[in-house]
J.: 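To start, I am sharing the structure in question, which I have written as structure tokens.
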Amino acid sequence: MVLGNIKRVVITGGPCAGKTTAIESIRAYFEQKGRLVIVVEEVPTELMRMGITLAKYGRLPFQKAIIDLQHKKEQVIIEAACSLENEQEVLIIYDRGILDHFIYLNSEEQKRIEKELGIDRQQLYSNYDIVIHMLSVASQMPELYESSEFRLEAVPEAKEKDDKIGKIWRQHGDYVQIGCERDFEVKIQKLISIIDKTFTG
């Protein structure tokens, strides 16, 4: 399979943006259309469920572990998708991309991790065809914001994170923001429409 049959989409957003629900709806829609859908789960949650946490390991080692694991996972997944022998179109959905994790690092820390892992942060943008930023309700509808086991930020912190996500991803050549909707299904349909267009050009 050539890379042209593979579309790589980052779904990102601050806390309580609705990514998890949206990704499942996107998966179902494109599988019904006959496409192979690969979902790359959010790495921080994956690590925390294994017992590797920020509290235990410290901020810098924890962020380095996240970036390293995600970079390796993405390499394995793209190689696997490219090795498919049929001509089926493939949609790879990343629940956050590598660049999301750099928002927790200052410039010196970013350079240090790039050097230690042998990666170039600027080149990482080319790993994705489109980045869709689902704005958090903390930014637009704070009265609906809820915390959870893995979402500990108060509204101001959640909004600040949303802003940082937008700032780092705007450097991507195909960055799109999706605002909040009272009817979440409307937000999902907007997402699906945007991704659909990446296949049709």
Side-chain angles (χ1 to χ4, degrees), residues 8-27 37-80 92-125 127-128 131-139 141-142 144-169 171-172 180:
R8 304 158 299 172
V9 178
V10 171
I11 306 293
T12 188
C16 207
K19 292 187 297 88
T20 302
T21 303
I23 287 170
E24 286 308 307
S25 296
I26 292 166
R27 184 209 292 267
V37 181
I38 300 170
V39 175
V40 184
E41 295 183 356
E42 188 177 46
V43 172
T45 301
E46 183 179 352
L47 287 175
M48 286 188 285
R49 284 175 177 157
M50 291 189 289
I52 301 172
T53 65
L54 175 66
K56 290 179 182 177
Y57 290 89
R59 183 179 57 83
L60 196 56
F62 184 62
Q63 293 304 324
K64 180 182 175 182
I66 290 170
I67 293 166
D68 190 24
L69 177 56
Q70 176 135 4
H71 187 240
K72 289 173 179 174
K73 282 176 65 173
E74 291 188 6
Q75 288 178 318
V76 169
I77 288 162
I78 200 68
E79 287 171 8
I92 303 175
I93 304 172
Y94 299 98
D95 186 347
R96 302 192 189 280
I98 297 175
L99 277 299
D100 279 287
H101 310 302
F102 281 91
I103 69 172
Y104 301 98
L105 306 168
N106 61 40
S107 59
E108 289 304 314
E109 291 169 338
Q110 290 175 12
K111 291 175 183 176
R112 174 180 167 182
I113 287 180
E114 287 178 74
K115 183 177 179 180
E116 291 177 355
L117 298 181
I119 59 176
D120 182 337
R121 185 169 64 90
Q122 291 303 317
Q123 290 183 355
L124 294 176
Y125 289 101
N127 288 4
Y128 317 105
V131 177
I132 304 176
H133 180 182
M134 298 177 66
L135 291 175
S136 168
V137 294
S139 296
M141 298 177 181
L144 301 180
Y145 180 77
E146 296 178 358
S147 61
S148 73
E149 179 183 0
F150 297 117
R151 183 191 303 134
L152 305 177
E153 302 90 341
V155 168
E157 295 168 326
K159 184 179 184 306
E160 181 183 14
K161 184 179 289 185
D162 216 20
D163 292 342
K164 287 181 177 179
I165 290 169
K167 183 177 180 180
I168 202 164
W169 279 115
Q171 298 179 55
H172 189 277
C180 294

J.: Evaluate the side chain to side chain contact (heavy atoms under 4.5 Å, CB included) criterion for residues Leu99 and Val10: first the C-alpha distance (whole Å), next the side-chain angles of each, then the deciding distance (0.1 Å), finally the verdict.
T.: CA-CA 10 Å; Leu99 277 299; Val10 171; over 6 Å; no
J.: Walk me through whether Lys167 and Asp163 qualify under salt bridge (charged side-chain N to carboxylate O under 4.0 Å, His left out).
T.: CA-CA 6 Å; Lys167 183 177 180 180; Asp163 292 342; over 6 Å; no
J.: To the nearest 0.5 Å, how far apart are OG1 in Thr53 and CE in Met48?
T.: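 If we round to the nearest 0.5 Å, Thr53:OG1 and Met48:CE are 8.5 Å apart.
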J.: Restricting to side chain to side chain contact (heavy atoms under 4.5 Å, CB included), what partner residues turn up for Leu54, sequence neighbours left out?
T.: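 Result, side chain to side chain contact (heavy atoms under 4.5 Å, CB included) vs Leu54: Arg59, Phe62.
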J.: Taking CD in Gln75 as the centre, count heavy atoms belonging to other residues, nucleotides or ligands within less than 6.0 Å. Is the count above 12?
T.: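 Yes - once you tally the heavy atoms of other residues, nucleotides and ligands closer than 6.0 Å, there are more than 12.
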J.: With sequence neighbours left out, what residues match Glu114 under salt bridge (Lys or Arg N to Asp or Glu O under 4.0 Å)?
T.: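 By the salt bridge (Lys or Arg N to Asp or Glu O under 4.0 Å) rule, Glu114 matches no residue at all.
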J.: Any donor and acceptor pair, going by atom type alone, linking the side chain of Gln110 with main-chain N or O of Phe102 inside 3.5 Å?
T.: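 Present.
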J.: List for me each residue that meets ring-ring contact (aromatic ring centres under 6.0 Å, His included) alongside Tyr125, sequence neighbours excluded, and say none if there are none.
T.: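 So Tyr125 forms a ring-ring contact (aromatic ring centres under 6.0 Å, His included) with Trp169.
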J.: Using 0.5 Å steps for rounding, measure from the CG atom of Asn127 to the CD1 atom of Ile77.
T.: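 Answer rounded to 0.5 Å: 11.5 Å.
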J.: If only atom types and distance count, is the side chain of Asp100 paired as donor or acceptor with the main-chain N or O of Gly97 below 3.5 Å?
T.: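 Judged by distance alone, yes, a pair lies under 3.5 Å.
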J.: Decide yes or no on side chain to side chain contact (heavy atoms under 4.5 Å, CB included) for Tyr57 and Lys64, but give the supporting numbers first.
T.: CA-CA 11 Å; Tyr57 290 89; Lys64 180 182 175 182; over 6 Å; no
J.: Can you list everything that forms a side chain to side chain contact (heavy atoms under 4.5 Å, CB included) with Thr20? Sequence neighbours excluded, please.
T.: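 Side chain to side chain contact (heavy atoms under 4.5 Å, CB included) list for Thr20, sorted by chain: empty.
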J.: Report the residues that fulfil side chain to side chain contact (heavy atoms under 4.5 Å, CB included) with Lys73, sequence neighbours left out, ordered by chain and then residue number.
T.: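 Counting only residues at least two positions away or on another chain, Lys73 forms a side chain to side chain contact (heavy atoms under 4.5 Å, CB included) with Val40, Val43, Glu46, Leu69.
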J.: Glu109 side chain to Asn106 main-chain N or O, any donor-acceptor pair under 3.5 Å?
T.: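 Yes, Glu109 side chain to Asn106 backbone: donor-acceptor pair under 3.5 Å.
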J.: Taking Gln70 for its side chain and Arg96 for its backbone only, find out whether a donor-acceptor pair lies under 3.5 Å.
T.: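 Judged by distance alone, yes, a pair lies under 3.5 Å.
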J.: Go through the steps for Lys164 and Glu160 under the test salt bridge (charged side-chain N to carboxylate O under 4.0 Å, His left out), then give the verdict.
T.: CA-CA 6 Å; Lys164 287 181 177 179; Glu160 181 183 14; 3.7 Å; yes
J.: Name the residue from Ile93, Ile11, Ile132 that meets the side chain to side chain contact (heavy atoms under 4.5 Å, CB included) definition with Lys19.
T.: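 Testing each of Ile93, Ile11, Ile132 against Lys19, the sole residue satisfying side chain to side chain contact (heavy atoms under 4.5 Å, CB included) is Ile11.
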J.: Given 3.5 Å as the limit, does a donor-acceptor pair link the side chain of His71 with the main chain of Leu117, or not?
T.: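 No.
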J.: Who are the side chain to side chain contact (heavy atoms under 4.5 Å, CB included) partners of Glu24, not counting sequence neighbours?
T.: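 Glu24 satisfies side chain to side chain contact (heavy atoms under 4.5 Å, CB included) with Arg27 once adjacent residues are dropped.
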